[in-house]
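Notes follow the structure.
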Amino acid sequence: MARPFDVSAVEKKWQARWLDEGTYEVDNDDERERFFALCMYPYPSGTAHQGHIRNYTFGDLVVRYQTMRGKAVLTPFGFDSFGLPAENAAIKAGSHPRLFTDARMGELKSSVRRLGAVYDWRREVFSHDPNYMKWAQAIFLEFFKAGLAYRAEAPVNWCPGCATVLANEQVNADGTCDRSGDLVQRRNLEQWFFKITDYAEELLNDIDTLEWPERVKTMQRNWIGRSEGVEFDLPLAFDPSRALRVFTTRPDTGFGVTYAVVAPEHPMLAELVTEDEREGVERLIERASQASELERTASSDAGAGLDKRGAFTGSFVINPFSGESVPVYVADYVLGTYGTGAIMAVPAEDERDFAFAQVHGLSVVRTIEPPAGHGEGPYSGEGTHINSGFMDGMDVAHAKEAAAAFLEEHAKGVRKVNYRLRDWLVSRQRFWGCPIPIVYCDVDGIVPVPVEQLPVLAPDDVVMDKSGQSPLATHEGFRNTTCPTCGRPARREADTMDTFTDSSWYFLRYADPFTADRAFDPAQVAKWMPVDQYIGGIEHAILHLLYARFYLKALVDIGLAPGLAREPFKRLFTQGMIRLDGSKMSKSKGNLIAPEKYYDTVGADGLRLFHLFVGPPADDVDWTAQTEDIIEGCARFLDRIYRLSHYDECFFHEDETPDDLEVRREVHRAIAKVSADLEAWSYNTAVAALMELLNTISKWARRAEGAHRSTLDESLDVLLRLLAPMAPHLSAELWEQRHPGEAGVHAQSWPVADPALVARSSVVMVVQVNGKVRARLDVSPEVSEDDATSAALASAEVQKFLAGATPQRVVARPPRLVNIIL
RNA sequence: GCCCGGGUGGCGGAAUGGCAGACGCGGAGGACUCAAAAUCCUUUGCUCGAGAGGGCGUGCGGGUUCGAGUCCCGCCCCGGGCACCA
């Protein structure tokens with residue numbers, strides 16, 4: 001398509017100027033109101049794909065808009081530059097991940113510059129910068145000192161494809177790896193964990209204070225998974241001085257407990273098992289230990305498979321409610337890692353317990369009257385308690401309260417809140433990550449590397465493979481060291497940290513990248529934090545967004561970030577994904593539509609406008625056959641602006657006519673509309689409003705009657721200012737042509753609508769008869785109910801329908817509508 | 001199973017309980033042109049009608065209301081999250 005100007009030349013000119021002049025560099029002591037605009041730190045995967053373009057188009061709009069609103073906008077950029085793809089690529093190519101990563105960073109950097117997105121490049125931060133690693137490791141050690149980082153042996157998720165352990169958050173619901181898609185295995189390993197569970201309650205409660213998409217908040221609440229209940233003792237029948245401790249959210253159903261179940265990992269299991277039952281129990285344990293988490297917890301097996309997956313231990317415990325002795329089973333549907341690893345089983349009111357009881361011939365005692373016609377199955381709903389001693393006749397809520405009080409008195413019970421959230425496993429058996437700064441000494445045990453020796457850097461001559469052995473463990477020169485405490489020979493930790501640790505505090509370093517003697521100066525960071533607007537993909541709803549929240553809370557608590565708000569991201573916006581043929585567009589799927597091809601045709605401005613216009617920013621974008629046409633349409637809109645700005649056949653007249661005034665009014669309405677839409681993330685309708693404004697101005701200027709000079713000038717200048725955050729190159733170019741030698745459009749202030757011009761002198765009022773539109777009347781916006789009614793009744797159209805009759809009722813909603821009911 | 005979103009023309013999508021379909025794409029017709037492209041103008045939910053005009057229309061079924069895409073109840077379908085979590 002032939003464009004009326006050289007798109008490429010214009011865009012390159014402005015990109016060079018923004019970069020050379022450091023237009024968007026901002027200092028910490030800037031006196032304007034501060035605004036921290038942040039796009040999620042990208043993994044450097046090479047040139048930008050459409051997902052990046054969408055992200056940085058939105059981010060750049062926020063930066064330029066807030067700047068025009070008079071704020072000092074912090075707009076940093078950097079890279080989440082550790083990670084598996086670089087390591088795997090290096091193994092394949094026989095090179096070093098750093099070479100690969102540096103090249104990809106360079107590509108992504110030029111991509112965002114070619115998009116016209118502007119940053120304060122002095123503040124660039126990237127994970128594998130030794131300067132950043134030093135403080136990432138220092139934070140780890142502070143966590144260790146505070147007891148927030150600990151080493152423990154635990155069953156962990158092992159991904160064979162990635163040859164490393166994973167955090168729970170990186171395992172999909174179906175038991176596959178979030179990255180490779182491989183089925184994750186269970187392994188018992190000694191690993192490093194961060195105590196995120198200490199913050200479960202605060203992480204949950206503070207969600208309420210965030211201006212985040214409801215969807216993301218819900219996902220985090222689900223992930224944290226709070227449940228309120230009671231933990232109490234079931235005394236052992238063979239030794240009532242000791243007891244099996246269980247957790248339940250339904251203490252009210254206590255009289256219905258007909259058996260108890262322990263997890264295969266339960267510490268008391270060995271002593272509960274009798275000689276007669278030993279064989280069956282051992283078989284069960286063996287099977288459970290081999291099963292993957294997926295097989296073990298697959299709900300599709302509920303019922304049918306349960307017989308094979310439980311065994312009687314031979315022991316009994318006392319139900320403290322009824323005083324009866326009930327059998328203890330071991331079953332893999334009870335998890336060792338949740339609650340106490342043991343449950344009371346109430347088959348009448350719990351589906352799993354019911355299915356298990358059916359298979360094992362255990363008795364079922366109802367404690368809640370199910371509604372009529374419920375049948376034989378378990379009932380877990382509301383109802384009146386029966387067979388429940390002191391709880392008979394109570395509803396569920398009252399009975400829960402009564403039961404909890406009873407247990408606290410008689411069964412060493414205590415009200416307890418349990419969370420689904422587990423501690424964050426941060427060890428990774430890979431090379432391309434930040435080494436964990438720990439030394440193991442036979443005498444002194446786990447010893448932190450002294451801060452002055454940080455950063456611990458991996459040597460370059462490490463043999464990387466995917467054996468599952470940490471590559472650093474095979475490098476004797478790295479591994480062997482001396483104990484910082486006693487000086488005897490010792491060994492370095494060979495694992496690296498999860499890359500999500502890097503992305504958990506990078507925004508703090510952005511706010512103060514210059515401090516040399518610590519991770520950041522809290523006083524400097526406090527000038528910018530919390531982030532005013534965070535923008536990123538929905539895929540980080542749990543992972544990154546939960547970890548970063550934990551980090552900041554922990555950093556404040558251990559004294560590294562005094563005075564900072566405990567939540568990092570005040571407002572979050574999650575953009576939709578780009579889909580091609582229904583699946584996510586991504587490099588790994590090989591279905592990318594590269595942005596570069598558009599730069600010579602529609603330009604970065606055209607592509608940006610497309611991403612703004614195609615639909616609500618939060619929605620997914622389907623890239624279809626029609627997409628190319630829509631992109632063309634956006635470029636056409638820019639062309640029309642260019643042409644209007646150069647329109648020289650316009651006939652001008654001296655005095656402002658009513659038509660000219662109406663155009664001015666439309667201009668001010670557009671200012672109001674676009675401003676409101678930008679605040680509300682309704683970018684698609686903001687673009688539509690600009691299109692309408694252009695249509696209005698264009699038609700008016702081309703009329704035979706001509707236009708008023710100063711009205712046209714004002715209209716064009718406003719249009720360019722409104723367009724400046726969306727299509728920065730063209731608006732800068734046209735502004736410069738119209739105002740040579742003056743400050744650029746992005747240095748102009750955001751236009752303010754004049755309320756007197758926005759208000760309408762007359763509006764169209766709809767007159768309905770029996771709900772059908774029969775007439776439209778021009779009325780004043782302030783028309784009274786009576787005047788509106790009489791005007792409606794007087795209109796010829798209505799008279800025709802009335803035919804002399806008196807209406808039964810008249811509903812007047814001036815100035816919008818009058819409805820006459822006959 | 002539970003919890004969030006969502007379902008509107010041929011398509012992407014607009015619509016504080018008040019004219020459904022803004023804006024754009026696509027289509028149709030026209031102007032300009034030797035012709036085409038580009039540009040500009042007109043038109044475009046479906047349907048009956050020559051026309052004036054009428055009827056039907058926001059996943060389905062009910063309800064509230066003078067009035068429902070919007071609110072309420074019950075379903076269906078699509079996307080996402082959680083899930084043997086006691």
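Just so we're clear, the structure is a prediction, and the values are computed from it rather than from any experiment. When reading the values below, keep in mind they use all heavy atoms of this one structure, side chains included, and skip hydrogens, waters and symmetry mates. Residue numbers begin at 1 in each chain, while the letters A, B, ... track the order of the sequences.
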Table please: side-chain donor-acceptor pairs of residues 213-224 of chain A below 3.5 Å, with sequence neighbours left out.
{"from": "Lys217(A)", "atom 1": "NZ", "to": "Leu210(A)", "atom 2": "O", "distance (Å)": "2.8"}
{"from": "Thr218(A)", "atom 1": "OG1", "to": "Glu214(A)", "atom 2": "O", "distance (Å)": "2.8"}
{"from": "Gln220(A)", "atom 1": "OE1", "to": "Arg549(A)", "atom 2": "NH1", "distance (Å)": "2.8"}
{"from": "Gln220(A)", "atom 1": "NE2", "to": "Ala541(A)", "atom 2": "O", "distance (Å)": "2.8"}
{"from": "Arg221(A)", "atom 1": "NH2", "to": "Asp208(A)", "atom 2": "OD1", "distance (Å)": "3.0"}
{"from": "Trp223(A)", "atom 1": "NE1", "to": "Glu169(A)", "atom 2": "OE2", "distance (Å)": "2.9"}

Centres of the Phe651(A) and Trp700(A) rings: under 6.0 Å? no
Would you tabulate the nitrogen or oxygen pairs shorter than 3.5 Å linking the protein to nucleotides 54-57 of chain B?
{"from": "G54(B)", "atom 1": "OP1", "to": "Arg774(A)", "atom 2": "NH1", "distance (Å)": "3.2"}

Among all residues two or more places apart in sequence or in another chain, which pass the salt bridge (Lys or Arg N to Asp or Glu O under 4.0 Å) test with Glu382(A)? none
Among Thr197(A), Asn168(A), Thr337(A), whose side-chain hydrogen bond (donor to acceptor under 3.5 Å, both in side chains) with Arg422(A) holds? Thr337(A)
Any strand is fair game: report the nucleotide pairing with G57(B) by Watson-Crick or G-U wobble, both distances under 3.5 Å, or none. none
Check each of Thr248(A), Asp252(A), Thr253(A) against Arg250(A) using the side-chain hydrogen bond (donor to acceptor under 3.5 Å, both in side chains) test, and report the only one that passes. Asp252(A)
Assign Gly339(A) to base, sugar-phosphate, or nothing according to its heavy-atom contacts below 4.0 angstrom with the strands shown. nothing
Going by an N to O cut-off under 4.0 Å, is there a salt bridge joining Arg245(A) and Glu231(A)? yes
Does this structure show an ion pair linking Asp620(A) with Arg579(A), if we count only N-O contacts that are shorter than 4.0 Å? yes
Check whether more than 12 heavy atoms from other residues, nucleotides or ligands sit under 6.0 Å from atom CD of Glu228(A), and answer yes or no. no
Rounded distance in Å between the C1' positions of G6(B) and G18(B): 25 Å
Would you say A86(B) has OP1 or OP2 under 4.0 Å from some side-chain N or O of Tyr338(A)? yes
Now, which nucleotide makes the Watson-Crick or G-U wobble pair with G1(B), with each of the two distances under 3.5 Å? C82(B)
What is the ring orientation for His544(A) with His540(A), classed by angle as parallel under 30°, tilted 30 to 60°, or perpendicular over 60°? perpendicular
Pairing partner of U33(B) (Watson-Crick or G-U wobble, both distances under 3.5 Å): none
Looking only at side-chain N and O atoms, does Thr337(A) come under 4.0 Å of OP1 or OP2 in C85(B)? no
How far does the P atom of A22(B) sit from the matching atom of U42(B), given to the nearest Å? 15 Å
For Arg636(A) and A38(B), is the shortest distance between a side-chain N/O and OP1 or OP2 below 4.0 Å? no
Please report the distance separating the P of C71(B) from the corresponding atom of U44(B), rounded so that it comes out in whole Å. 31 Å
Taking only residues two or more places apart in sequence, or in another chain, which ones meet Glu785(A) in a salt bridge (Lys or Arg N to Asp or Glu O under 4.0 Å)? none
Pair assignment for G17(B), Watson-Crick or G-U wobble, requiring both distances under 3.5 Å: none
Nucleotides 10-16 of chain B: protein proximity per nucleotide (B base, S sugar-phosphate only, - neither; heavy atom, under 4.0 Å): -BBSS-B
Look at the side chain of Ile542(A) and decide which nucleotide, out of G81(B), A22(B), C4(B), has an atom nearest to it. G81(B)
Those residues of residues 217-226 of chain A lying under 4.0 Å from RNA chain B by at least one heavy atom: Thr218(A), Met219(A), Asn222(A), Trp223(A)
Of the candidate nucleotides C23(B), C19(B), A86(B), which contains the atom at the shortest distance from the side chain of Met691(A)? C23(B)
For G69(B), the Watson-Crick or wobble counterpart (both distances under 3.5 Å): none
Can you identify which nucleotide, out of A86(B), U39(B), A22(B), has its nearest atom closest to the Arg643(A) side chain? U39(B)
Assigned partner base of C11(B), Watson-Crick or wobble definition, under 3.5 Å: G24(B)
Reckon Val766(A) touches a base, only the sugar-phosphate, or nothing at all at heavy-atom distances under 4.0 Å? base
Under the salt bridge (Lys or Arg N to Asp or Glu O under 4.0 Å) test, residues paired with Arg774(A) that sit two or more places apart: none
Hey, what's the ring geometry for Phe321(A) with Phe232(A), parallel, tilted or perpendicular (30° and 60° as the breaks)? perpendicular
Pair assignment for U64(B), Watson-Crick or G-U wobble, requiring both distances under 3.5 Å: none
When the P atoms of G12(B) and G59(B) are considered, how many whole Å apart are they? 14 Å
Inter-nucleotide P distance (C75(B), C84(B)), Å rounded: 26 Å
If we check ring pair (Phe, Tyr, Trp, His ring centres under 6.0 Å) with Phe610(A), which of these qualifies: Phe637(A), Trp623(A), Tyr598(A)? Trp623(A)
Sugar-phosphate atoms are those with a prime plus P, OP1 and OP2; base atoms are the rest. Using that split, label each nucleotide of nucleotides 63-68 of chain B B, S or - for protein heavy atoms under 4.0 Å, 5' to 3'. ---B--
For RNA chain B, which residues of residues 696-703 of chain A approach it to below 4.0 angstrom with any heavy atom? none
Can the ring centres of Tyr259(A) and Phe356(A) be said to be less than 6.0 Å apart? yes
Can you check the distance between G57(B) and C46(B), where both ends of the measurement are the P atom (answer in whole Å)? 16 Å
Looking only at atom P, what distance separates C76(B) and C60(B), rounded to whole Å? 15 Å
Using atom types as modelled and distance alone, determine if a side-chain donor or acceptor of Arg3(A) lies under 3.5 Å from a backbone N or O of Thr601(A). yes
For G21(B), is chi within 90° of 0 (syn) or not (anti)? anti
Test of understanding: with ring-ring contact (aromatic ring centres under 6.0 Å, His included), list the residues that count as partners of Tyr647(A), not counting sequence neighbours. none
On RNA chain B, more 5' by nearest nucleotide between Asp629(A) and Val764(A) is Val764(A)
Residues that Arg640(A) engages under side chain to side chain donor-acceptor pair (under 3.5 Å), provided they are two or more places apart: Asn695(A)
Partners of Glu662(A) by salt bridge (Lys or Arg N to Asp or Glu O under 4.0 Å), sequence neighbours excluded? Arg669(A)
Determine the interatomic distance between C1' on G1(B) and the same-named atom on U70(B); round to the nearest Å. 30 Å
